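This report concerns only the one structure given below.
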Amino acid sequence: MTNPRLKELRQRLAQIHQMGGPERVERQHQAGKWTARERIAYLLDPGTFEEIGAHIRHRGQGLGLSGVEAPADGVVTGFGRIEGRVVYVYAQDFTVLGGSLGEMHAAKIQRIQDLAMASGAPIIGLNDSGGARIQEGVDSLNGYGEIFKRNTWASGVIPQITVIMGPSAGGAVYSPALTDLIIMVRGTAQMFITGPQVIQAVTGETVTAEALGGAEAQMARAGVAHLLADDDQAALTLVRRVLGYLPNNYLEEPPVVASDDPPNRIVPALRDLVPLDPAKPYDVLTVIQAVVDQGSWLEVQPTFAPNVVVGFARLGGHPVGVLANQPRVLAGTLDIDGSDKLARFVRLCDAFNLPLITLVDTPGYLPGTAQEYGGIIRHGAKVLYAYAEAVVPKLTVILRKAYGGAYLAMCSRSLGADLVLAWPTAEIAVMGPEGAANIIFREEIGQAADPEAARAAKVQEYRERFAHPYVAAARGYVDAVIDPAETRLRLVAGLMALYNKHEARPPRRHGNIPL
Ligand code: HXC
């Protein structure tokens with residue numbers, strides 16, 4: 001090579017690309033993890049990555065950091081493409097100072113956040129870090145604060161997806177928590193505010209890091225994570241899949257794909273799916289999978305609050321958000337966690353122009369002191385708020401029970417549903433026949449010669465009067481009672497009719513959602 005400047009550039013880049021050096025890279029691989037650069041290469045369309053800030057260096061002086069080489073300051077940042085669409089990405093490099101976040105590491109992430117916002121493109125964070133770089137003290141903390149602020153400003157503007165691919169401890173968990181979706185890798189990802197040693201010291205509890213903040217715990221128990229992947233490759237594949245449902249930003253429509261699933265496909269099996277006995281459960285996933293475009297269903301938070309189901313799907317090639325009660329778990333009641341899950345997903349879909357498809361079969365809110373003391377009132381209110389606030393097309397199908405407040409909450413006409421369909425098995429009432437008969441006919445039942453026979457007669461009377469969709473349909477709260485086999489074609493037709501729907505809310509700074 002003749003040009004010495006070019007030679008120097010190449011040497012510098014080669015040194016940067018070594019990351020923490022062969023030994024630490026080997027250790028990363030031994031731990032079942034890819035390096036930051038391997039992850040980015042797999043995530044993006046081949047050859048599209050453009051790195052920004054590779055030459056950035058830390059300015060830390062204290063605690064032995066002075067003079068320490070930290071290639072790219074432990075985070076690889078830039079932009080590239082996924083299915084041809086521009087995305088911005090940062091990947092923390094655990095082989096360099098444990099991926100810890102110092103002043104300049106943070107500045108690189110902030111720069112990517114700013115560019116993503118300016119260009120209206122999604123941002124993807126691949127996190128693998130020991131948290132705040134201890135040697136850089138308050139500069140590290142400040143770096144996090146600047147990132148949190150940008151996460152918040154970007155919320156609802158561009159999709160923000162975080163993949164946790166290693167440790168994420170302390171306040172470092174809050175940038176992921178401020179993004180739209182968190183994907184965790186089983187076995188290697190851990191998130192917690194205070195680790196096992198601090199917990200042991202303060203509360204005396206003994207817990208392993210994995211049990212405390214591993215992917216299973218954050219998925220099923222805490223509801224912090226949304227999707228689980230078995231390894232790095234699966235997690236990155238999942239990011240690409242999730243992006244396929246989301247637009248580049250809130251001003252654009254989600255990507256439409258050509259679907260070879262006929263929009264007018266009839267599903268005869270749905271006619272007999274709902275048991276005639278209203279107490280008998282069935283699996284609402286069967287309905288969802290039968291109705292949406294074949295192969296398009298991606299369930300979000302499948303193990304958290306499984307009494308409700310949320311996920312992405314497509315109808316006629318158009319991305320939609322699907323929300324449903326799950327009669328197989330807690331009879332499909334709404335509880336605190338289920339309410340949080342529904343409300344958050346409604347707001348994600350509404351922010352990014354995904355129509356809402358709501359499938360209703362719920363006997364109401366879960367009773368009990370645990371729910372009341374836990375604040376089911378304020379948590380349940382989030383669902384009302386989220387649905388009423390949403391301006392995207394809202395299509396509701398009442399499959400069976402739709403009782404009381406839960407009927408209203410599950411995207412009823414009064415909360416602004418644009419199209420409400422009901423199966424003939426729908427029962428729309430203030431409460432179930434047994435409860436209602438016991439309250440309104442209490443005296444008659446009590447005074448009857450045979451109270452049990454009287455109760456059964458009153459339950460039957462109530463059932464005949466109210467336990468069907470036709471009273472609601474007569475008032476216009478239900479737009480059509482349909483053959484269940486036609487659910488897909490009726491939803492696709494409704495969706496196409498509502499595609500250009502525009503609705504505005506009164507101007508204000510922002511609402512005050514119950515929390
Ligand atoms: C500086 C760090 C670091 C950190 C790890 N390293 N975390 N350097 N600041 N926070 C360095 C280690 O010194 C080590 O350097 C290398 O990274 C790899 O770390 P190991 O400990 O060898 O790896 P491992 O055994 O896999 O353990 C990973 C770990 C552990 C569980 C993450 O390193 C750890 O507990 N780190 C501290 C976590 C923490 O408490 N962070 C602060 C959280 S508070 P060498 O040179 O030896 O290879 C926080 C506040 C944010 O983040 C507030 C925001 C509002």
Side-chain angles (χ1 to χ4, degrees), residues 18-36 57-76 90-110 113 125-152 162-179 182 184-202 207-215 217-218 224 232:
Q18 279 207 355
M19 300 177 282
E23 245 175 60
R24 285 197 172 85
V25 167
E26 177 55 24
R27 232 181 287 157
Q28 177 85 348
H29 288 156
Q30 289 298 328
K33 302 196 292 183
W34 285 351
T35 65
R57 305 197 154 218
H58 70 77
R59 302 195 289 190
Q61 297 292 328
L63 300 172
L65 198 56
S66 176
V68 169
E69 276 297 325
D73 203 29
V75 62
V76 183
Y90 73 85
Q92 293 178 313
D93 182 353
F94 194 79
T95 69
V96 174
L97 298 175
S100 58
L101 182 141
E103 175 204 13
M104 298 309 289
H105 176 123
K108 288 181 74 174
I109 296 175
Q110 292 152 23
Q113 292 180 296
L126 309 180
N127 289 24
D128 188 358
S129 165
R133 188 174 296 157
I134 295 161
Q135 301 90 323
E136 294 198 45
V138 73
D139 285 332
S140 305
L141 297 183
N142 181 65
Y144 271 120
E146 293 285 343
I147 291 170
F148 299 165
K149 180 173 73 185
R150 285 166 174 78
N151 283 136
T152 307
T162 313
V163 193
I164 310 293
M165 313 184 87
S168 179
V173 296
Y174 281 121
S175 172
L178 288 166
T179 63
I182 296 177
M184 286 184 80
V185 180
R186 196 195 303 272
T188 50
Q190 288 158 5
M191 299 177 82
F192 37 74
I193 296 271
T194 50
Q197 284 140 340
V198 177
I199 291 180
Q200 167 83 54
V202 176
V207 64
T208 64
E210 184 60 26
L212 179 66
Q218 294 296 4
V224 166
D232 282 15

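Along the sequence shown, the residues carry numbers beginning at 1. One-based numbering, in listed order, for ligands and for the atoms of each. These figures come from a predicted structure and were not determined experimentally. Basis for what follows: all heavy atoms, side chains included, without hydrogens, waters or symmetry-related copies.
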What distance separates [X] [atom1] from [Y] [atom2], expressed to the nearest 0.5 Å?
X	Y	atom1	atom2	value
Ile134	Leu63	CD1	CG	9.0 Å
Leu101	Glu103	CG	CD	10.5 Å
Thr95	Glu23	OG1	CD	12.0 Å
Gln113	Ile147	CD	CD1	6.0 Å
Gln92	Asn127	CD	CG	4.5 Å
Gln28	Met19	CD	CE	8.5 Å

Is there at least one protein heavy-atom neighbour under 4.0 Å from [atom]?
atom	value
atom 38 (C) of ligand 1	yes
atom 34 (C) of ligand 1	no
atom 41 (N) of ligand 1	yes
atom 13 (O) of ligand 1	no
atom 20 (P) of ligand 1	no
atom 26 (O) of ligand 1	yes
atom 48 (O) of ligand 1	yes

Ligand 1 versus Leu141, non-hydrogen atoms closer than 4.0 Å: side chain, backbone, both, neither?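 Within the 4.0 Å criterion, Leu141 contacts ligand 1 through side-chain atoms alone.
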Given that the side chain starts at C-beta and the backbone is N, CA, C, O, which of these parts of Tyr174 lies under 4.0 Å from ligand 1, counting heavy atoms, or is it both or neither?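 Neither part.
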Thr35/His29 under side chain to side chain contact (heavy atoms under 4.5 Å, CB included): CA gap, chis, key distance, verdict: CA-CA 8 Å; Thr35 65; His29 288 156; 4.0 Å; yes
So that I can tick it off, tell me whether Asp73 and Lys108 are bridged by a salt bridge, with the cut-off set at under 4.0 angstrom between side-chain N and carboxylate O.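 Salt bridge flag = no for Asp73 with Lys108.
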Would a distance-only check, ignoring hydrogens and angles, find a side-chain to backbone donor-acceptor pair under 3.5 Å from His105 to Ser100?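 Such a contact is found between His105 side chain and Ser100 backbone.
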So does Met184 get a backbone contact from the side chain of Gln218, meaning a donor-acceptor N/O pair under 3.5 Å?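 Flag not set: sc Gln218 to bb Met184 has no pair under 3.5 Å.
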Do any N/O atoms on [X] end up under 3.5 angstrom from N/O atoms on ligand 1?
X	value
Arg24	yes
Ala132	yes
Gly130	yes
Ile134	yes
Gly98	yes

Ala106 versus Gly143, closest heavy-atom pair with distance: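 Looks like CB-CA, 3.4 Å.
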Partner of Lys33 under salt bridge (charged side-chain N to carboxylate O under 4.0 Å, His left out), chosen from Asp93, Asp128, Asp232: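 Of Asp93, Asp128, Asp232, salt bridge (charged side-chain N to carboxylate O under 4.0 Å, His left out) with Lys33 is met by Asp128 alone.
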For the pair Val68 and Gln135, evaluate side chain to side chain contact (heavy atoms under 4.5 Å, CB included) and give the outcome as yes or no after the intermediate values. CA-CA 12 Å; Val68 169; Gln135 301 90 323; over 6 Å; no
Nearest non-hydrogen protein atom, [atom]:
atom	result
atom 44 (S) of ligand 1	Gly170 CA, 4.1 Å
atom 22 (O) of ligand 1	Arg27 NH1, 5.0 Å
atom 29 (C) of ligand 1	Pro167 CG, 4.6 Å
atom 43 (C) of ligand 1	Ala169 O, 4.0 Å
atom 3 (C) of ligand 1	Ser100 CB, 4.0 Å
atom 2 (C) of ligand 1	Leu97 O, 3.8 Å
atom 24 (P) of ligand 1	Phe94 CZ, 4.3 Å

Quick one: does Gln135 get a heavy atom under 4.0 Å from ligand 1?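 Yes.
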Does Phe148 reach ligand 1, in the sense of a heavy atom lying below 4.0 Å from it?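 Phe148: in contact with ligand 1 (<4.0 Å).
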Closer than 4.0 Å to some heavy atom of Tyr144 - which atoms of ligand 1 meet that?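 Heavy-atom distances to Tyr144 below 4.0 Å select 51 (C), 54 (C).
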Step through the shown structure and confirm whether more than 12 heavy atoms of other residues, nucleotides or ligands are within 6.0 Å of OH on Tyr174.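 Open.
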